2 protein chains.
Amino acid sequence: MSNPLIRKLENFTTFSEDDKQALNKATQQVRHCRAREDIICEGDCPEVVNLLMEGYACRYKDMQDGRRQIIAYFVPGDLCDISVFILREMDHSIATVSPATVALIPRDTMLDLMVHHPRIAQALWWSTLVDEATLRAWIVNVAQRTAYERMAHLLCELFFRLRAVGLTNGHSCQLPVTQAELAETLGLTPVHVNRTLQDLRRDGLLELRGKVLTIFDLSALQRAAQFNPNYLHLGHDGEDFHASHSERGDQGNSMNPPM
Amino acid sequence: MSNPLIRKLENFTTFSEDDKQALNKATQQVRHCRAREDIICEGDCPEVVNLLMEGYACRYKDMQDGRRQIIAYFVPGDLCDISVFILREMDHSIATVSPATVALIPRDTMLDLMVHHPRIAQALWWSTLVDEATLRAWIVNVAQRTAYERMAHLLCELFFRLRAVGLTNGHSCQLPVTQAELAETLGLTPVHVNRTLQDLRRDGLLELRGKVLTIFDLSALQRAAQFNPNYLHLGHDGEDFHASHSERGDQGNSMNPPM
DNA sequence: CGCCGTGTTGACTATTCTCAACCCAGGTGG
DNA sequence: CCACCTGGGTTGAGAATAGTCAACACGGCG
């Protein structure tokens with residue numbers, strides 16, 4: 001089984017064998033979580049970085065009245081909280097969605113990786129910036145689109161991201177998410193999520209049942225969602241980057257971490 | 001007139017005179033823009049970092065059908081696009097809202113700052129992470145709250161941010177934003193924005209006219225908005241951080257930039 | 001067997017949108 | 001100096017998307 005972090009970051013750049021070994025070594029220590037277990041809570045200031053190896057997790061914010069908004073999904077290969085390097089206190093929480101395996105990367109290991117492996121450091125920056133771009137796409141999604149388009153967009157995104165780490169199977173992928181969770185993600189009610197999924201199914205675009213998502217016609221779904229995958233920056237930007245800026249010469253130790 | 005960037009970052013940490021001089025020097029070269037002028041467009045890959053010195057700007061995404069979603073506001077002291085260090089191509093655009101003064105910081109100057117002034121580098125990381133936290137808060141806002149609460153939340157946030165750079169005047173601040181722009185920000189129609197502002201005014205919470213926002217009762221407004229300012233991380237996290245982690249000893253050259 | 005979590009359906013409600021008209025202030029040109 | 005034009009703000013009436021509440025179906029599991 002290949003390391004999903006490496007797999008993910010290779011969508012941006014190409015690693016040396018040495019880089020890969022370092023990443024593999026850093027992700028040895030793992031922890032197994034049940035479904036719906038909190039990994040970090042609002043207010044915490046954890047000392048390790050959590051990397052999702054298997055399963056699904058999410059970032060969420062609780063509101064006073066008990067409602068919850070899911071702000072991001074994590075799929076294998078995603079780092080949950082690089083921000084702990086700087087911000088004193090978490091302003092949101094992170095929890096598993098399905099049973100999951102999480103690698104715990106100690107802060108110092110992380111620092112080491114970034115100092116001695118500039119290409120890794122650069123790739124981690126890339127992944128942070130992609131996360132930010134994804135947040136922007138989500139704002140557009142909930143603010144501008146109808147329930148039908150929103151759902152289509154979310155499922156497109158998840159499918160693309162899973163595919164980027166090799167976790168799709170033809171037109172299908174695992175998606176162990178309840179309709180209630182989709183509702184908390186899209187700012188809809190569970191009832192309306194249910195009806196929206198029925199509409200998508202009726203239109204022959206997709207099916208979501210038994211924790212499996214099947215997309216019958218991806219390009220039709222993209223069209224329905226107005227989905228433009230550019231914000232995922234899956235185009236191996238890193239390679240081009242090296243090519244066009246390789247004269248700069250200061251890559252050696254310049255991608256160092258925040259502290 | 002003090003440098004708004006310094007003023008902003010001092011909400012996180014304390015600079016030496018040397019740090020401040022470097023920042024002042026880096027922000028010498030400025031450019032004046034009219035209202036509603038694009039600074040960077042989707043697809044560009046600019047070679048300078050834009051820092052807003054005076055006026056208001058925003059980040060936005062265009063949709064196929066001509067709708068536009070505003071994703072962030074920039075107030076004086078905000079850096080528009082540190083991400084240009086890594087991502088090949090902008091996946092959104094940036095434009096002024098009012099007439100504005102923008103400092104152009106060349107990439108190399110930025111690198112220099114980060115390499116030779118670790119406290120600045122750390123503060124820039126902080127500002128990036130706060131931007132990300134703000135995106136999360138916006139997702140919650142558009143996904144979960146009513147028009148009334150949404151508007152209250154946005155205006156609370158802007159007031160807090162302006163206050164943090166000394167741009168409020170008692171209960172008031174400049175806010176040269178049209179109702180149509182507020183609509184594009186909150187995912188509402190201009191008509192509904194108009195009615196919502198009337199409701200807020202009728203309830204004695206605030207007034208927005210002639211490009212001036214006046215908040216009559218800030219804590220009532222916060223309550224109405226369920227506004228929790230923790231995501232702005234204005235609590236001088238940097239100081240605490242130094243205190244609690246000062247033994248680490250690797251701060252000297254560890255906050256280096258992405259390339 | 002019965003319970004609980006999840007998904008499904010129906011009927012009714014409400015927040016928000018759409019469209020269209022109108023007002024007002026400021027700037028421009030005749 | 002006035003007429004006009006334009007951008008922004010305001011109002012009304014009707015439509016639509018999404019929410020609420022309540023009931024029921026289904027399957028897994030203790």
Side-chain angles (χ1 to χ4, degrees), chain A residues 34-37 56 63 65-70 95-99 141-155 174-203 206-214 224, chain B residues 34-37 56 63 65-70 96-99 141-154 174-202 206-213 224:
Chain A
R34 295 181 319 263
R36 315 217 180 150
E37 194 177 321
Y56 292 74
M63 304 184 67
D65 54 19
R67 279 177 303 173
R68 188 173 85 133
Q69 172 66 34
I70 292 177
T96 59
V97 171
S98 70
N141 206 30
V142 289
Q144 296 284 359
R145 290 195 253 265
T146 63
Y148 186 91
E149 297 167 323
R150 248 183 262 186
M151 180 68 74
H153 198 278
L154 174 65
L155 297 178
Q174 293 289 118
L175 200 63
V177 173
T178 65
Q179 294 184 357
E181 284 158 343
L182 290 173
E184 290 175 329
T185 307
L186 297 173
L188 300 169
T189 55
V191 171
H192 204 239
V193 162
N194 183 289
R195 291 178 170 138
T196 305
L197 285 172
Q198 288 180 48
D199 291 344
L200 285 160
R201 191 181 327 148
R202 185 173 320 123
D203 294 346
L206 57 82
E207 187 172 46
L208 178 54
R209 63 189 313 170
K211 309 192 173 184
V212 174
L213 167 67
T214 306
Chain B
R34 294 181 320 261
R36 318 224 176 144
E37 194 176 320
Y56 291 74
M63 304 184 68
D65 54 19
R67 278 177 304 173
R68 187 172 86 134
Q69 172 67 34
I70 292 176
T96 58
V97 172
S98 69
N141 206 30
V142 290
Q144 297 284 359
R145 290 195 253 265
T146 63
Y148 186 91
E149 298 167 324
R150 248 183 262 184
M151 180 67 75
H153 197 278
L154 174 65
Q174 293 289 119
L175 199 64
V177 172
T178 64
Q179 294 184 356
E181 284 158 345
L182 290 172
E184 290 175 329
T185 307
L186 297 172
L188 299 169
T189 55
V191 171
H192 204 238
V193 162
N194 182 289
R195 291 177 171 140
T196 304
L197 285 172
Q198 288 180 50
D199 291 344
L200 286 160
R201 191 181 328 146
R202 185 174 321 123
L206 57 82
E207 187 173 46
L208 178 54
R209 63 190 310 170
K211 310 192 173 183
V212 174
L213 168 67

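In what follows, chains carry the letters A, B, and so on, assigned in the order in which the sequence lines appear, proteins first and then strands, with residues in each chain numbered from 1. None of these values were measured; they are calculated from a predicted model.
In this structure, A:His192 atom NE2 and D:dC21 atom C1' are separated by 16 Å, rounded to whole Å. As a whole-Å value, the separation of A:Leu186 CG from D:dA18 C1' is 13 Å. The nearest whole Å value for the distance from the CZ atom in A:Arg209 to the C1' atom in D:dA25 is 14 Å. As rounded to whole Å, 17 Å separates atom C1' of D:dA16 from atom OH of A:Tyr148. Distance B:Asp65 CG to C:dT18 C1': 15 Å, rounded to the nearest Å. One interatomic measurement links the two molecules: CZ of B:Arg145 to P of D:dG19, which rounds to 16 Å at whole-angstrom precision. Atom CE of A:Met151 and atom P of C:dG7 are 11 Å apart (whole Å). Computed from coordinates, the A:Lys211 NZ to D:dG27 P distance equals 15 Å when rounded to whole Å.
Of the listed nucleotides (D:dA18, D:dG8, C:dT16), C:dT16 has the atom at the smallest distance from the side chain of B:Ala147. Comparing atom distances between the B:Leu188 side chain and each of C:dT6, D:dT20, C:dC17 picks out C:dC17 as nearest. Nearest nucleotide to the side chain of A:Val191, out of D:dC21, D:dG19, D:dA18: D:dC21.
In this structure, B:Gly210 reaches neither bases nor backbone, as no heavy-atom distance under 4.0 Å exists between it and the strands shown. Counting any heavy atom pair closer than 4.0 Å across all strands shown, B:Arg36 reaches sugar-phosphate atoms only and no base atom.
The phosphate of C:dT9 has OP1 or OP2 within less than 4.0 Å of a side-chain N or O from A:Gln198. Contact between the side-chain N/O atoms of A:Asn194 and the OP1/OP2 oxygens of C:dG7 is not found at any separation under 4.0 Å. Contact check, B:Gln179 against D:dG7: no side-chain N or O comes under 4.0 Å of OP1 or OP2.
Nearest heavy-atom pair across B:Thr96 and B:Arg36 is OG1-N, 2.9 Å. Here the closest heavy-atom approach between residue A:Leu188 and residue A:Ala147 is recorded as CD1-CB, 3.8 Å.
Between A:Arg150 and A:Leu154 there is no side-chain heavy-atom pair separated by less than 4.5 Å.
With A:Leu182 as the fixed residue, the side-chain contact (heavy atoms from CB on, under 4.5 Å) test singles out one of A:Val193, A:Thr196, A:Ile70: A:Val193.
Atom CZ of A:Arg209 has 12 or fewer neighbouring heavy atoms from other residues, nucleotides or ligands inside a 6.0 Å radius.
Within 3.5 Å, a donor on the side chain of B:Arg195 pairs with an acceptor on the base of D:dG12, or the reverse.
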